[in-house]
Amino acid sequence: MERLRPEFEKPYMRQLEAFLAKENADGQTIYPPFEETFNALCHTRFEDVKVVIMGQDPYHGAGQAHGLSFSVAPGVQIPPSLQNIYKELATDIGFTRPSHGSLLGWARQGVLLLNATLSVREGQPRSHYGKGWEVFTDRIVQLLAERSKPLVFILWGKSAYEKWQHAATGQENSPHLILSSPHPSPLSAYTGFFGCQHFSKTNIFLKEAGIEPIDWNL
């Protein structure tokens, strides 16, 4: 978070803070809870990042979002996209599906589970798009892309890939591995997400770079 401290003094962040304050004043229910908004950054330090999995915006149902892309808190029903992620893991690496949808175990190993937008209004997907979060998360991607130590960017869906292209301009010859495929949503998983083998490819790359691979089992 120290590297991002200057962002909190910039005009776009002040505008974002004012927007969120008004949402609260208007009685809107916002997810995730405020204290979990920056969970992705709190659970995975910049120096420890090995993999970035880009999401879009948080889940907008009660009790689902807890600040990590694609993840839900223990005890919450596993969403369809995450069910498909588990299916791909099973065919790719022999993953045993857990009874929960919490990906905190990945975050603690260096998987940054970053959404492009870090908050959302209850029941209204994309309701906090264009308010400033994208500028903030672009900066995170940019800082990671500039890093000399290799890492893996996993980009599922068009918006994730376009975010990489926008935020990492000039990093085409970086030492990082870029993996992209359709989104794991039921609407697109069968058009190329299933069979992408991103999890095994990630670990092969990390091993070859001399970096401890991810234990994907939860």
Between [X] (side chain only) and [Y] (backbone N and O only), is there a donor and an acceptor less than 3.5 Å apart?
| X | Y | value |
| --- | --- | --- |
| Glu134 | Gly130 | yes |
| Ser181 | Phe193 | no |
| Ser188 | His183 | yes |
| Thr29 | Glu122 | no |
| Asp57 | Thr117 | no |
| Gln83 | Ile78 | yes |
| His176 | Ala145 | yes |
| Ser71 | Leu68 | no |

> Which residues, ordered by chain and number, are linked to Val120 in its hydrophobic cluster, where ILVMFWY side chains connect at heavy-atom gaps below 4.5 Å, directly or through other members?
Replying inline: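 Result for Val120 is Tyr31.
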> So, for Tyr161 and Trp156, is the gap between ring centers shorter than 6.0 Å?
Replying inline: no
What donor-acceptor contacts under 3.5 angstrom involve side-chain atoms of residues 103-114, with partners at least two apart or in another chain?
{"residue": "Trp106", "atom": "NE1", "partner": "Trp216", "partner atom": "O", "Å": "2.9"}
{"residue": "Gln109", "atom": "OE1", "partner": "Asp215", "partner atom": "N", "Å": "2.8"}
{"residue": "Gln109", "atom": "NE2", "partner": "Gly105", "partner atom": "O", "Å": "3.2"}
{"residue": "Gln109", "atom": "NE2", "partner": "Asp215", "partner atom": "O", "Å": "2.9"}

Using residues 200-214 as the side-chain source, report each donor-acceptor pair under 3.5 Å to any protein atom, sequence neighbours left out, with the distance given to one decimal.
{"residue": "Ser200", "atom": "OG", "partner": "Asp92", "partner atom": "OD1", "Å": "2.6"}
{"residue": "Ser200", "atom": "OG", "partner": "Asp92", "partner atom": "OD2", "Å": "3.4"}
{"residue": "Ser200", "atom": "OG", "partner": "Gln197", "partner atom": "O", "Å": "3.2"}
{"residue": "Lys201", "atom": "NZ", "partner": "Cys196", "partner atom": "O", "Å": "3.2"}
{"residue": "Thr202", "atom": "OG1", "partner": "His198", "partner atom": "O", "Å": "2.7"}
{"residue": "Asn203", "atom": "OD1", "partner": "Ile214", "partner atom": "N", "Å": "2.9"}
{"residue": "Asn203", "atom": "ND2", "partner": "Ile214", "partner atom": "O", "Å": "2.9"}

>> Just to verify, what does Glu47 make a side-chain hydrogen bond (donor to acceptor under 3.5 Å, both in side chains) with, not counting sequence neighbours?
In response: Arg3
>> Classify the ring geometry of Phe136 against Phe38: parallel below 30°, tilted from 30° to 60°, perpendicular beyond 60°.
In response: perpendicular
>> Atom CD of residue position Gln28 - does it have more than 12 heavy atoms of other residues, nucleotides or ligands inside 6.0 Å?
In response: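 Yes.
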>> Among Ile53, Val52, Leu177, which residue satisfies the side-chain contact (heavy atoms from CB on, under 4.5 Å) criterion with Ile154?
In response: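 By the side-chain contact (heavy atoms from CB on, under 4.5 Å) criterion, Ile154 pairs with just one of Ile53, Val52, Leu177: Ile53.
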> Which heavy atom in Glu7 sits nearest to a heavy atom in Tyr12, and how many Å separate them?
Replying inline: OE1-OH, 2.8 Å
> Can you list the residues that meet the salt bridge (Lys or Arg N to Asp or Glu O under 4.0 Å) rule with Arg97, with sequence neighbours excluded?
Replying inline: none
>> Taking salt bridge (Lys or Arg N to Asp or Glu O under 4.0 Å) as the definition, give me every residue that meets it alongside Arg126, ordered by chain and number, with sequence neighbours left out.
In response: none
